[in-house]
Amino acid sequence: MTVATATTAVPAELLAARMHQASEAAARQDVDLLLITPGTDLRYLLCRGSASHERLTCLLLPAAGHHAPPALVVPALERPGWADVPLDELGIEVITWNDGENPYLLVSDLAGVPGRVGVADSMPASHVLGLRTALAEASQTLAGGVLRELRMRKDAAEIDELRRAGRAIDRVHARMAEFLRPGRTEAQAGADIAAAMVEEGHASAGFVIVGSGPNGSSPHHEVSDRRFEPGDVVVVDIGGPVPAGYNSDSTRTYALGAPASPIVEAYAALQNAQQAAVDAVAPGRSAEEIDAVARGLIAAAGLSEHFLHRTGHGIGLDVHEEPYIVAGNRQLLEPGMTFSVEPGIYFPGRWGARIEDIVLVTEDGCERLNTQPRELVVL
Ligand code: ZN
Ligand code: ZN
Ligand code: ZN
């Protein structure tokens, strides 16, 4: 796993507050100990998410009421890489281990006899099974069920980073006429778009989807050697992390020349549905209500079988995280939540379209973090 290293300092008090909240949330959910390996959960808690994949690095965070201090088990050769994380200030005991030692036994020595441990959702199976053997008495559950409660509600600094990411990806969409021209391939355009994402402030181009003509009907198509043709409709869905790790994700649909009227009509229904779904976002509404608004309007236009996916997903340190905007999710929206509103319509073998903005739930509605025109942009 590679997760970009933090380059933006987060104050120790903020990390201490997050660890405290996580240990309280663990106690509420009857999890005795959180075991967090590198990934976005570790980045959230300690502002550092990267480390080797096969050697165990693991934060042990006891639930509130358990009196053991938090501890970090880390390979000795990677200990210097933690120099900029205020582990002392956070009261984290650091235990290093050398190649040839069994790090899972170190974890079990520190852990005592927990009844239930929460393992990081993205923990490699090799570590999950190593910990299961070393902590044979403990049952394992996912730490994500605990940490989602925190990570879903963004604080002011996180919101600033998501706004920064939104502006950066908007600047890339504003330049799309440079990249999409008949005769070029999706792959050529995609490489230029990836470079532009970095130029405009991303740490890296996380993902680049350029779906032209029939390829636009596959929502997660990436790029291919297909050449753009006059009249193509092109779905461009792009995003990635800014240096602090927070992600952008925005889709616009472009037309290379004036589109035919059935396309214009279907697109108008899509745009109407996206607008209505954004307008519906407010504290106290449920995630599934927002999905239902978009889905209802697309169905009313006779296009229900062309809308293949959920309406959106939360976004933060992960591109896809809670809350998911999907039927069955009764999670109530609260100020500080951020997620995509991205209905799409797909006509297999012909064309597709999607409109995606990230929204921030505010006290009385929402703020869009993407502001490029949502019309079918004719280039
Ligand atoms: Zn997607
Ligand atoms: Zn997207
Ligand atoms: Zn998305």
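Counting starts at 1 for both ligands and their atoms, following the listed order. Keep in mind that what you see is a predicted model, and the values were worked out from it rather than measured.
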What orientation do W351 and F347 show, parallel under 30°, tilted 30 to 60°, or perpendicular over 60°?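 The arrangement is parallel - the two ring planes meet at less than 30°.
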
| said: Ring-plane angle category for Y254 and H173, please: parallel below 30°, perpendicular beyond 60°, tilted otherwise. | reply: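 Because their plane-to-plane angle is under 30°, the rings of Y254 and H173 count as parallel.
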
Residues, nucleotides or ligands: over 12 heavy atoms within 6.0 Å of [X] [atom1]:
X    : atom1 : answer
E137 : CD    : no
D99  : CG    : yes
E222 : CD    : no

### Message
Report whether any nitrogen, oxygen or sulfur of D237 sits less than 2.8 Å from the Zn ion (ligand 2) (N, O or S, backbone or side chain).
### Response
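Short answer: yes, at least one N, O or S atom is under the cut-off.
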
Taking the N/O/S atoms of [X] one by one, which is nearest to the Zn ion (ligand 3)?
X    : value
E342 : OE2
E356 : OE2
D249 : OD2

Q | Metal site the Zn ion (ligand 3): N/O/S of H313 inside 2.8 Å | A |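 Coordinating: yes.
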
